[in-house]
Amino acid sequence: MRTGTGLTEKNLRQLLDEWDPIGVADEVPDEYDCMLAPLLGRLRRGADQAEIAAFLRTELVEHFGLTPAPAEPEAVATRLMALKAEDA
């Protein structure tokens, strides 16, 4: 794995902070840490893009109380799958 790329907690946190679905990443840098371990576990065990998108959608709705745009979790899942592919 190249340094600074691939599936790491740091890179996953950065991606979630860039996404920042509730708009607080600048003020609360650990806001999305609750998703790190579940996402890393799913990605490492081979979850597909649909499973990752479903997890993200569920987190947005049930944990954060948001109603995401239909394509939003899917777009982030696509980025996560690309991050995972860097490890291959």
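Here the structure is a predicted model, which is why all the values come from computation and not from measurement.
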Residue pairs meeting salt bridge (charged side-chain N to carboxylate O under 4.0 Å, His left out), one or both in residues 64-81, sequence neighbours left out, come to Glu18-Arg79, Arg57-Glu74
Item checked: Sub-4.5 Å side-chain heavy-atom contact between Leu80 and Leu15 -> yes
Please set out all donor-acceptor pairs under 3.5 angstrom arising from side-chain atoms of residues 30-48, sequence neighbours excluded.
unit_1 : atom_1 : unit_2 : atom_2 : d
Tyr32  : OH     : Asp20  : OD1    : 2.5
Tyr32  : OH     : Ile22  : N      : 3.1
Asp33  : OD1    : Arg13  : NE     : 2.9
Asp33  : OD1    : Arg13  : NH2    : 3.4
Asp33  : OD2    : Arg13  : NH2    : 3.3
Arg42  : NH1    : Pro38  : O      : 3.3
Arg44  : NH2    : Leu7   : O      : 3.4
Arg45  : NH1    : Glu51  : OE2    : 3.0
Arg45  : NH2    : Glu51  : OE2    : 3.0
Asp48  : OD1    : Ala50  : N      : 3.3
Asp48  : OD1    : Glu51  : N      : 2.9

What one should report as the nearest heavy-atom pair of Ala77 and Leu56 is N-CD1, 4.0 Å
The side-chain contact (heavy atoms from CB on, under 4.5 Å) partners of Glu62 (sequence neighbours excluded) come to Thr58
- Is there a chain of hydrophobic side chains (I, L, V, M, F, W, Y, each step under 4.5 Å between heavy atoms) that links Val61 to Val76? no
Of all heavy-atom pairs linking Pro73 and Ala53, the shortest is CB-O, 3.6 Å
Here the pair of heavy atoms bringing Asp17 nearest to Pro29 is OD2-O, 3.7 Å
Sorted by chain and number, sequence neighbours left out, side chain to side chain donor-acceptor pair (under 3.5 Å) with Glu59 holds for none
Decide yes or no for Glu86 and Leu83: does some side-chain heavy atom of the first lie under 4.5 Å from some side-chain heavy atom of the second? yes
Note: Leu66 and Pro21 closest approach over all heavy atoms is CD1-O, 3.8 Å
